[in-house]
Amino acid sequence: MEDSFGHIFKITDWGDTHGPYMEGRVEGCPAGIYVDLSFVRSELARRASDGKGFATGRKEPDRVEFLTGLDEAGCTSGAPIVFRIANADVVVSSNRQVMRPSHASFTYFKKYGYKDQELCGRASARQTVCRVVAGAIAKLALQPIGVEFSSEVVSMAAPRCEGDSVGAVVRGHIRNLPAGLGEPVYDKFSARLAYAMLSINAAKGFEIGLGYEAAKMCGSTYNDMQRSDYSFVTNHDGGVQGGITNGEEVFFTVAFKPIPSVRFPQQSITFDGVPAVLEGSGRNDLCVAPRVLPVVEAMAAITTLDFILLADSQKMC
């Protein structure tokens, strides 16, 4: 199972939603970055459930503990940063042998041979807590050069009935990026960003710049013209041309499907193919938004810092 993301700035994580801990390792972070714990905690708090509305009833304090990689002053040492977050509110499901429709149940069964829903814990959005920690470190590393990240919910579907789940569209922004980040062919900045976003649970679509709207336009109206000082009149390309950042704001959208778990019974089958009823519960979100916003920003920050460090490594002496 591939549990890592990044080339130079790299996150690897392990643990699952029903285990004792979520744990991770960040490699390649430059030394001397002050890891402001209050900022890391605030990012985790943005992801945390308040138990209201569409949010899960599961309550996790999400206290991160750094085990290695920070010195006594709280600065990165250049060594791998290892951290862990305890799972405090774990409840084992009573539907362990019933497949969850549109979840990872069937695919994990075919790939790994699992016949137990509890063994699909790596598919849980609980995993994203590790991304948020790594993303917070990346944001702190990028602060001195002024790179900023933000996101918002663009739209959210309306539920058909009480307890139904809904999809959502999220837009992300990366501001003050230098031009020249990204590789020309297979590892374009836009391609790596799409990879990052589509790795998030429930992500089903990605657009950068005007995206699909561009397919309805002519080049004469779409093209981002430049002034004599090289600044751009428009930014339809979303800050990436030829797979490389052009210095404009990078903006993108991510479409998320409805959370597979709903809060009422669904017809399903067991792992042995026997018809069964999957009982609903309040242990799952009914929409990824707004808790997914810090996850989207985290993956954008990890991708950005990775490309900046890669660009630095390619400079001629």
Side-chain angles (χ1 to χ4, degrees), residues 3 11 13-24 40-65 83-105 108 114 116-136 151 153 156-157 159 161-168 170 199-203 256-266 268 277-299:
D3 294 302
I11 174 178
D13 67 271
W14 55 95
D16 60 64
T17 188
H18 301 112
Y21 296 101
M22 303 303 301
E23 299 178 305
V40 178
R41 289 169 185 151
S42 70
E43 292 291 274
L44 288 169
R46 292 175 62 204
R47 181 198 166 280
S49 169
D50 60 6
K52 301 176 182 178
F54 288 140
T56 175
R58 179 173 178 171
K59 299 292 290 182
E60 291 287 353
D62 286 345
R63 298 188 184 93
V64 61
E65 179 185 5
F83 62 89
R84 69 181 179 186
I85 300 166
N87 288 332
D89 185 11
V90 177
V91 176
V92 177
S93 171
S94 60
N95 297 299
R96 297 179 65 161
Q97 272 63 55
V98 182
M99 290 188 181
R100 294 184 184 178
S102 280
H103 201 273
S105 307
Y108 273 43
Y114 296 163
D116 187 338
Q117 189 64 248
E118 299 300 294
L119 296 178
C120 299
R122 284 296 285 167
S124 169
R126 179 70 184 144
Q127 181 270 340
T128 61
V129 72
C130 295
R131 303 176 189 231
V132 172
V133 173
S151 60
V153 179
M156 187 183 297
C161 59
E162 182 72 23
D164 207 355
S165 61
V166 297
V170 168
S199 74
I200 301 172
N201 310 64
F256 292 93
K257 73 176 186 178
I259 298 291
S261 298
V262 296
R263 295 179 185 174
F264 48 79
Q266 294 183 88
S268 186
V277 174
L278 181 68
E279 298 294 336
S281 77
R283 298 282 296 177
N284 298 91
D285 292 320
L286 293 180
C287 184
V288 298
R291 295 181 62 207
V292 79
L293 296 181
V295 182
V296 167
E297 292 174 27
M299 294 308 295

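- Among D16, N87, T17, T56, the single residue meeting the side chain to side chain donor-acceptor pair (under 3.5 Å) criterion with R126 is N87.
- A donor-acceptor pair under 3.5 Å links the side-chain atoms of S268 to the main chain of M99, judged by distance alone.
- Once rounded to the nearest 0.5 Å, the distance linking CG of D116 with OH of Y108 reads 13.5 Å.
- Defined by atom type and a distance below 3.5 Å, a donor-acceptor pair is present between the side-chain atoms of R47 and T128.
- Considering CE of M22 and CZ of F83, their distance stands at 9.0 Å, rounded to 0.5 Å.
- Distance alone, capped at 3.5 Å, is enough to place a donor-acceptor pair between the R122 side chain and the G15 backbone.
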Under the side-chain contact (heavy atoms from CB on, under 4.5 Å) rule, what do N284 and R100 come out as? Steps first, then yes or no, please.
CA-CA 12 Å; N284 298 91; R100 294 184 184 178; 4.0 Å; yes
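- To the nearest 0.5 Å, the span separating OG on S102 from CD1 on I259 amounts to 11.5 Å.
- Of the charged side-chain nitrogens involved, none lies within less than 4.0 Å of a carboxylate oxygen, so that R41 and D62 do not count as a salt-bridged pair.
- Here H103 contributes atom NE2 and S261 contributes atom OG; the two are 5.5 Å apart, rounded to the nearest 0.5 Å.
- Closest heavy-atom contact between G167 and C287: O-SG, 4.2 Å.
- Atoms CZ and SG, from R84 and C130 in turn, are 12.5 Å apart once rounded to the nearest 0.5 Å.
- Between V288 and N201, every side-chain heavy-atom pair lies at or beyond the 4.5 Å cut-off.
- At least one side-chain heavy atom of V166 sits less than 4.5 Å from a side-chain heavy atom of F54.
- Under a 3.5 Å cut-off, the side chain of E279 and the backbone N or O of F264 do not form any donor-acceptor pair.
- The shortest distance between side-chain heavy atoms of V64 and L44 falls below 4.5 Å.
- At least one side-chain heavy atom of V296 sits under 4.5 Å from a side-chain heavy atom of F256.
- A pairwise comparison of heavy atoms in V90 and E60 identifies N-OE2, 4.5 Å as the closest pair.
- A donor-acceptor contact shorter than 3.5 Å is absent between the side chain of K257 and the backbone of A203.
- At most 12 non-hydrogen atoms from other residues, nucleotides or ligands lie less than 6.0 angstrom from CZ of R63.
- With respect to the salt-bridge test (charged N to carboxylate O, under 4.0 angstrom), the residues D89 and R58 do not qualify.
- Salt-bridge formation is not detected for the pair E162/R263: no Lys NZ or Arg NE/NH1/NH2 atom is positioned less than 4.0 Å from an Asp or Glu carboxylate oxygen.
- Put simply, CE on M299 and CD1 on I200 are 6.0 Å apart, with the number rounded to the nearest 0.5 Å.
- In this structure, Q266 contributes its side chain and V277 its backbone to no donor-acceptor pair below 3.5 Å.
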Walk me through it: do R46 and R291 pass the test side-chain contact (heavy atoms from CB on, under 4.5 Å)?
CA-CA 7 Å; R46 292 175 62 204; R291 295 181 62 207; over 6 Å; no
Between S124 and H18, is the side-chain contact (heavy atoms from CB on, under 4.5 Å) condition met? List the steps.
CA-CA 9 Å; S124 169; H18 301 112; over 6 Å; no
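- Side-chain contact between P159 and L286: absent, with no pair of heavy atoms (C-beta onward) separated by less than 4.5 Å.
- Remark: the S105 side chain and the Q117 side chain contain an N/O donor-acceptor pair separated by less than 3.5 Å.
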